[in-house]
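A quick write-up on the structure given underneath.
Scope of the values below: all heavy atoms of this structure, side chains included, with no hydrogens, waters or symmetry mates.
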Amino acid sequence: MTKINFGGTEEEVVTREEFPLSKAQEVLRDETVVILGYGVQGPGQAMNLKDNGIKVIVGQREGSKSWDKAIADGWVPDETLFPLEEAAQKGTIIEYLLSDAGQKGLWTKIKPYLTKGKALYFSHGFSITFKEQTGVVPPKDVDVILVAPKGPGAKLRELFLAGKGVNSSYAIHQDATGKAEDRVKALGMAVGSGFLFPTTFENEVWSDLTGERGVLMGAIAGIMEAQYNVLRENGHSPSEAFNETVEEATQSLYPLIGEKGMDWMYANCSTTAQRGALDWKGKFREATEPVFKKLYENVKNGEETRITLEANSDPDYREKLEEELREMRESEIWSAGEEVRKLRPERQKDK
């Protein structure tokens, strides 16, 4: 493993040079990887594994939209595409990639197929960490491992096709065969990871749920709405408010952060922007840090898990979700955004 200094803390990571694809192919040569679930992570991981020469089959509910999507992606019924339980029976490594609520609901049907020596693979630590609420307790004679790409499956696939990769965390919850470490690293590389960094099932889910509710999705959406509303209340037009809140951030500044870091982005902005940002970032940190502490507490004590499982088990969940997303989509800020996106130069060239 390669030792890297992250902000003064030394960590070990697994690179493609240390664990090349040829080694992953050798480790997985006699394995059959089953992808259970073809939603967010399933398609990208399945197709990347297949393209990397790993034997893969997909398990999905017959007649579902995901079943049809799998067929459209080239998976063949009764050859590489099977009902969930039949697929689980055929595999030696079972990638359990259904939704968190779906994993809870299907567990009693899948568990009998986790026979001695198999591996149970997750891309989220949720079901294992919160086993009191999910009931997911694997048999003692199987490996239990995790590879969690730091991005959705569509991005994993997109970067794979571009010759790049999404960084992924990995963890071993249970090593029953003595092969868990090789298995998890091989799978991590074969699904298209850029590099792998170690974690635990607990830390993965705690950081993941905090991030999704925080700066990755929840916090950023809330902050954007707040700034947009203040600008509109003070007489700025929808296009000006959206451009100064979202468009400049996503199309100009955030890519600079991703390229070389926050300080580099600051250094490449005007002196007026630099001074104001440096003066105000502390105020935003102080205002939001108590919220993040409460959020992390709710994640760690299982409250967020309870809310998620209860909501997802509601038979009207999909309808309620669509209503919430419709309200967001039709709100002024995102309606303005739809029009602004149409005016981007690349869209104009397509006309």
With a cutoff of under 4.5 Å between side-chain heavy atoms, which Ile, Leu, Val, Met, Phe, Trp and Tyr residues group with [X]?
X: Val230; result: none
X: Phe160; result: Leu161
X: Leu114; result: Val34, Leu36, Ile57, Phe82, Leu84, Ile94, Tyr96, Leu98, Leu106, Trp107, Ile110, Leu120, Phe122, Ile128, Val136, Val142, Val144, Leu146, Phe201

Side-chain heavy atoms of [X] within contact of [Y], under 4.5 Å:
X: Phe130; Y: Lys104; result: no
X: Asp143; Y: Ile172; result: no
X: Pro83; Y: Arg61; result: no
X: Gln45; Y: Leu97; result: yes
X: Val33; Y: Lys55; result: no
X: Val14; Y: Thr2; result: no
X: Trp206; Y: Tyr296; result: yes

Assess Lys23 against Phe19: is NZ or CZ under 6.0 Å from the centre of the six-membered ring, and within 45 degrees of the ring's axis?
->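 So Lys23 does make the cation-pi contact.
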May I have the step-by-step check of side-chain contact (heavy atoms from CB on, under 4.5 Å) for Tyr38 and Trp67, ending in yes or no?
-> CA-CA 8 Å; Tyr38 207 73; Trp67 177 275; over 6 Å; no
Taking every non-hydrogen atom, the tightest pair across [X] and [Y]:
X: Gln41; Y: Pro149; value: OE1-CG, 3.7 Å
X: Ser127; Y: Gln103; value: OG-OE1, 2.6 Å
X: Met265; Y: Leu253; value: CG-O, 3.7 Å

Of all residues at least two apart in sequence or in a different chain, which pass the salt bridge (Lys or Arg N to Asp or Glu O under 4.0 Å) check with Asp182?
->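 Asp182 satisfies salt bridge (Lys or Arg N to Asp or Glu O under 4.0 Å) with no other residue.
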All side chain to side chain donor-acceptor pair (under 3.5 Å) counterparts of Arg275, not counting sequence neighbours |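 Partners of Arg275 under the side chain to side chain donor-acceptor pair (under 3.5 Å) test: Asp279.
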Taking only residues at least two apart or on different chains, which pairs with a member in residues 246-280 satisfy ring pair (Phe, Tyr, Trp, His ring centres under 6.0 Å)?
->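 Non-adjacent pairs meeting ring pair (Phe, Tyr, Trp, His ring centres under 6.0 Å): zero.
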Pairwise distance NZ(Lys293) to CD(Glu297) - rounded to 0.5 angstrom =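 If we round to the nearest 0.5 Å, Lys293:NZ and Glu297:CD are 11.5 Å apart.
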Pairing of Glu310 and Arg306 as salt bridge, 4.0 angstrom limit |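 Salt bridge flag = yes for Arg306 with Glu310.
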